[in-house]
J.: 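Following this message is one structure expressed as structure tokens.
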Amino acid sequence: MSTALKPRLLSNGAEWTFDLIDTYDRAIREIAVGEFGLDCYPNQIEVIASEQMLDAYASLGLPIGYPHWSFGKEFIRNEHMYRKGMRGLAYEIVINSNPCIAYLMEENTMAMQALVVAHACYGHNSFFKGNYLFRQWTDADAIIDYMVFARKYIMQCEQRYGEEAVEAVLDSCHALMSHGVDRYHHPAPLSVEAELQRQRERESHAWKQFDEIWRTVPRKSSEGDRRRREPDFPAEPQENLLYFIEKHSPRLEPWQSEIVRIVRKMAQYFYPQGLTKVMNEGWATFWHYTLLHRLFDKGLVDSGFMLEILSSHTNVIAQRGYAQRGYSGINPYALGFAMFTDLRRVCESPTEEDRQWFPDIAGGDWRKVLDFAMRNYKDESFIGQFLSPRLMREFRMFGIADDENEEALVVEAIHNEDGYRRLRRLLASQYNRDNLVPDIQVVRYERRGDRSLTLRHRQHRGRPLDESASEVLKHLQRLWGFTVRLVTVDDAGKELSTRELKGA
Amino acid sequence: MSIIIDRRLNDRNKNAVNRQRFLRRYKEQIKRSVDDMVARRSITDMEQGGEVNIPARDISEPTFHHGQGGSHETVYTGNDRFAEGDRIARPPSGGGDGGGEGQGDAEDDFVFSLSREEFMNLFFDDLELPDLERNVLGDVRQFKMRRAGYTPSGVPANLSIPRSLRNATARRIAVGASARRELDEVEAALAEAPTPELEARAEELRARLARIPFLDEFDLRFRHRVREPMPVARAAMFCLMDVSASMTEDKKDLAKRFFTLLYLFLTRKYEHVDLIFIRHTDNAQEVDEETFFYGTQSGGTVVLSALKLMQEIVAERYDPTSWNLYGAQASDGDAFGADPEKSRSYLEEQLLPSLRYFAYVEVPDEPEHLGSLAHAYARIDSPKFAMKSVTARGEIYPVLRDLFSTEAA
């Protein structure tokens with residue numbers, strides 16, 4: 001049989017050429033778009049050398065970035081690990097842009113290039129285009145242009161104000177980057193006209209409600225009232241620290257505010273990636289696996305090709321147990337791939353247990369179910385919704401509670417009948433951003449007084465801030481220019497401690 | 001469909017600038033590490049790059065994040081023994097992330113490699129050659145030509161045509177201005193009412209304008225070049241070492257380190273450096289490097305013989321006016337009889353005037369004990385002379401820094 005198939009093979013041997021990449025890309029596209037209906041941005045495949053891959057690492061995967069020492073540090077670290085052989089390079093980097101840019105390394109064999117094309121150019125690509133978080137928060141059409149602007153702007157600032165001044169601002173912004181994202185869309189600001197209209201309506205409403213009798217009720221001391229007339233600013237606590245600084249810092253020069261804005265935009269751009277690590281990688285891995293198997297089924301590649309793909313695939317989705325050497329938490333590739341594969345299984349050949357746990361989707365059309373999941377979930381909700389008991393058993397998951405008041409650690413739940421739901425909830429909350437990033441918000445800006453800024457850190461289940469918080473506070477103070485204060489409160493809102501940094 | 005682009009030929013060093021900034025920012029820490037490293041290193045790989053450790057906190061980028069404490073749950077994989085409700089003793093490190101399952105978050109030192117160039121730069125940073133300045137101003141025998149504007153006289157080969165023509169144009173405009181103005185007036189008058197006088201006047205003016213030469217001799221400009229003194233870009237380094245029986249392998253090793261560092265340092269400052277090795281017991285020989293460091297010979301000690309040989313070689317092969325001469329001597333300091341005193345006076349009076357610098361490094365048996373040679377040398381009073389005592393490997397580099405640090409020079 002194999003002799004009959006041979007003439008149809010796309011290629012022989014490990015060497016790749018540009019023509020071959022194109023051939024494979026067409027074949028994979030035919031399957032991905034034609035047969036499975038994946039919706040992708042156009043692809044731009046770029047072949048690069050390993051040094052360039054290191055470069056791309058350091059600049060967070062973006063093809064262009066502004067100069068900053070921290071990227072140099074990242075570069076040096078990666079280079080060192082790579083040279084020492086402690087770490088291989090990723091086979092690919094893919095950028096959420098339109099067209100979707102994917103980097104292929106020249107050292108890869110043809111089989112690996114095909115794997116990368118399937119993984120990045122059709123897997124990640126369709127995820128970027130479909131997932132609601134990416135649709136909501138990133139603008140794939142504009143990101144490259146924006147980075148070009150950012151780089152140019154920052155380099156101009158360096159010329160005008162000196163590298164050190166720019167570096168200081170960037171350092172401070174980077175320290176606050178994780179608190180520089182919007183998680184909800186703000187309503188568009190009202191126009192002056194609409195604002196006036198609203199005020200008039202409110203007045204007339206108050207006027208209609210006017211009742212002489214209320215004037216006879218004695219007021220509280222008017223003295224205190226007058227002082228309180230200046231309302232707290234901001235009216236609502238603000239969680240986007242960088243945004244607040246950009247708009248309200250009393251000390252920042254316009255160019256400094258623009259730099260804050262640039263860093264904030266970058267943080268926002270990367271925000272969805274942090275929330276969808278498991279899904280994104282799982283989706284891409286699932287599709288490279290599915291697409292390449294389909295290539296094999298169609299007789300376009302031989303078993304040598306598949307063996308190479310599979311050995312690499314198995315490495316990627318390896319999940320070690322807690323007691324094994326080299327355990328470093330749950331591998332997002334492994335969990336994501338397993339979940340999407342399991343979802344397909346639940347649709348195609350559901351067991352009794354699946355029918356009980358997933359009555360809506362058991363026995364359904366797997367492509368629709370997977371597409372729906374990809375579009376409308378993030379890691380937290382995806383796991384909370386779709387992690388099946390079967391997977392928990394396969395991964396042999398168990399949850400451990402660590403309470404500082406307890407002497408010992410307690411096994412909270414394991415993969416048994418009692419534990420499934422709790423375990424699933426625990427794992428899902430592990431991917432909840434609120435559990436990872438401390439809740440710190442701006443609560444007060446003393447506009448008429450000493451211009452001090454007060455932040456409130458609400459402890460999450462008694463978890464304190466790390467020591468480095470005082471360093472971050474220094475950065476915040478540098479941006480703000482006046483006194484900054486960080487008040488820590490517990491879950492109930494009781495004040496626990498205050499750190500203060502006096503302004504100059 | 002998909003676009004495939006070959007980017008392999010693009011710039012591969014996008015991060016060079018970021019890397020430089022990182023190095024600059026952490027120069028202090030890096031320098032301390034380099035000092036450490038030099039103390040540990042063997043000479044053969046001194047010229048390679050190196051690995052530098054910086055404590056992680058020095059290059060941290062702080063963010064707000066959760067510290068230890070409070071309560072939280074973590075899900076692990078690979079359960080092989082636990083049932084719900086089991087209690088596990090906390091790992092000894094206290095409040096770890098869970099059952100001690102290899103979650104070691106200990107901050108490792110930040111390690112990276114320096115290229116040879118970066119390494120050497122940091123290695124010899126803020127060291128300067130003494131007397132380099134005199135080199136430029138003083139007894140200089142080499143010159144180079146440098147452009148220095150334009151001059152009204154010169155050889156035809158240096159004629160600057162654009163300059164000359166520009167001058168000519170300016171002159172023609174200036175000299176002919178009054179005539180041309182008058183000619184304009186006359187022609188205007190002629191157009192209204194032609195008279196023979198006006199006719200003649202116009203003719204005369206035209207002739208005058210035509211007589212202005214297109215190019216005059218004083219329009220000419222020549223490119224000017226000046227001779228500029230250039231420092232001699234080559235050096236000769238004399239290594240003098242006592243190889244008498246009292247110099248053990250250890251002491252030779254120290255001496256070698258010193259010579260190597262000095263050599264590396266000189267190669268950075270001069271395009272070309274000649275090495276001359278002179279070893280001596282009671283008589284001196286010029287030998288090659290191998291024999292110098294590893295050859296065995298024993299006998300007494302007569303330092304003067306080495307200095308004399310050095311002087312002979314200088315006279316024969318290295319004219320002090322066209323070579324920068326450096327001397328480096330290593331000895332355990334044992335010298336007998338009148339030898340130390342004679343050596344001192346010979347060095348001070350005969351040799352030093354023609355040298356740029358002479359460094360003497362003593363490798364005594366005991367740190368505090370100075371040999372008789374050092375006692376004698378101590379009386380040399382010259383900015384070109386320096387001596388130090390070294391007993392351990394780690395001291396070599398600081399001593400070199402001492403000898404050549406910018407302030408001292």
Side-chain angles (χ1 to χ4, degrees), chain A residues 18 21-22 25 43-49 51-52 55 58 67 69-73 75-77 80 106 174-175 178-179 319 321-323 327 330 395-404 408-414 419 426-427 430 438 440 461-469 471-472, chain B residues 1-8 10-26 51 59-80 82-91 95-99 101-103 110-113:
Chain A
F18 285 97
I21 290 182
D22 190 48
D25 176 63
N43 280 306
Q44 179 171 326
I45 300 170
E46 305 194 355
V47 180
I48 60 174
E51 294 103 313
Q52 290 167 310
D55 274 336
W69 64 267
S70 63
F71 304 136
K73 170 185 161 186
F75 176 77
I76 288 170
R77 183 203 299 279
H80 178 80
E106 71 170 336
H174 284 188
S178 55
H179 289 83
Q319 173 65 60
Y322 79 100
Y327 174 78
I330 291 177
F395 277 86
R396 308 188 74 81
M397 289 181 184
F398 64 108
I400 287 191
D402 178 359
D403 189 333
E404 68 180 343
L409 305 172
V410 179
V411 177
E412 175 83 16
I414 67 163
L426 289 182
L427 187 61
Q430 209 163 303
I440 295 174
R461 301 177 59 194
R463 298 181 72 181
L465 280 181
D466 188 73
E467 289 299 308
S468 63
E471 287 300 311
V472 187
Chain B
M1 299 274 257
S2 305
I3 311 163
I4 301 173
I5 304 174
D6 185 2
R7 288 259 193 244
R8 287 173 296 175
N10 279 30
D11 186 11
R12 294 189 177 201
N13 237 344
K14 262 192 199 165
N15 265 297
V17 54
N18 291 332
R19 189 185 164 95
Q20 280 311 315
R21 287 188 182 185
F22 174 75
L23 291 183
R24 190 192 59 204
R25 186 171 166 121
Y26 292 103
E51 236 168 53
I59 42 160
S60 64
E61 298 160 77
T63 54
F64 284 128
H65 57 270
H66 289 303
Q68 291 191 346
S71 64
H72 60 274
E73 292 88 15
T74 318
V75 174
Y76 297 93
T77 56
N79 182 13
D80 54 355
F82 303 118
E84 192 182 332
D86 279 2
R87 295 172 78 83
I88 309 162
R90 243 173 238 281
D97 215 17
E101 289 90 347
Q103 281 282 82
F110 182 81
V111 180
F112 65 93
S113 307

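Chain letters run A, B, ... following the sequence lines, proteins first, then strands; residues in each count from 1. Please read these numbers as outputs of a predicted model, since none were measured by experiment.
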J.: Where do B/F82 and B/Y76 land on the ring pair (Phe, Tyr, Trp, His ring centres under 6.0 Å) test, with the steps shown first?
T.: CA-CA 11 Å; B/F82 303 118; B/Y76 297 93; 9.1 Å; no
J.: Is it the side chain or the backbone of A/I440 that comes within 4.5 Å of chain B heavy atoms, both, or neither?
T.: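 Just its side chain gets close to chain B.
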J.: Return the option, out of B/G85, B/S71, B/G67, with the maximum number of heavy-atom pairs under 4.5 Å with chain A.
T.: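 Ranked by contacts with chain A, first place is B/S71.
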J.: Using the side-chain contact (heavy atoms from CB on, under 4.5 Å) criterion, which residues pair with B/R7? Sequence neighbours excluded.
T.: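 A/Q44, A/E46, A/I48, B/I5, B/N10.
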J.: Mind checking the CZ-CG spacing from A/F395 to B/N79? Nearest 0.5 Å is all I need.
T.: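 Rounded to the nearest 0.5 Å, the CZ-CG separation comes to 14.0 Å.
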J.: About how many Å separate CD1 of B/I4 and CG of A/D22, when rounded to the nearest 0.5 Å?
T.: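 Taking CG in A/D22 and CD1 in B/I4, the distance rounds to 4.5 Å.
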J.: With sequence neighbours excluded, tell me which residues meet salt bridge (charged side-chain N to carboxylate O under 4.0 Å, His left out) with A/E404.
T.: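 For A/E404 there are no salt bridge (charged side-chain N to carboxylate O under 4.0 Å, His left out) partners, ignoring immediate neighbours.
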J.: Quick one: which of A/E471, A/H174, A/Q430, A/H179 has the most heavy-atom pairs under 4.5 Å with chain B, could you say?
T.: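 Of A/E471, A/H174, A/Q430, A/H179, A/Q430 has the most heavy-atom pairs under 4.5 Å with chain B.
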J.: Side chain, backbone, both or neither: which part of A/I330 has an atom under 4.5 Å from a heavy atom of chain B?
T.: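 Contact with chain B is through the side chain of A/I330 alone.
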J.: Any idea which of B/E84, B/H65, B/R87, B/H66 has the most non-hydrogen atom pairs under 4.5 angstrom with chain A?
T.: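 Most pairs with chain A among the choices: B/H66.
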J.: Please rank A/P464, A/A413, A/G462 by heavy-atom pairs under 4.5 Å with chain B and give me the top one.
T.: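 Top option by heavy-atom pairs under 4.5 Å: A/P464.
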J.: With rounding to the nearest 0.5 Å, note down the distance linking CD in B/E73 to CG in A/D403.
T.: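 Rounded to the nearest 0.5 Å, the CD-CG separation comes out at 8.5 Å.
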J.: With chain A as the partner, which of B/D86, B/D80, B/N18 has the greatest number of non-hydrogen pairs under 4.5 Å?
T.: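 It is B/N18.
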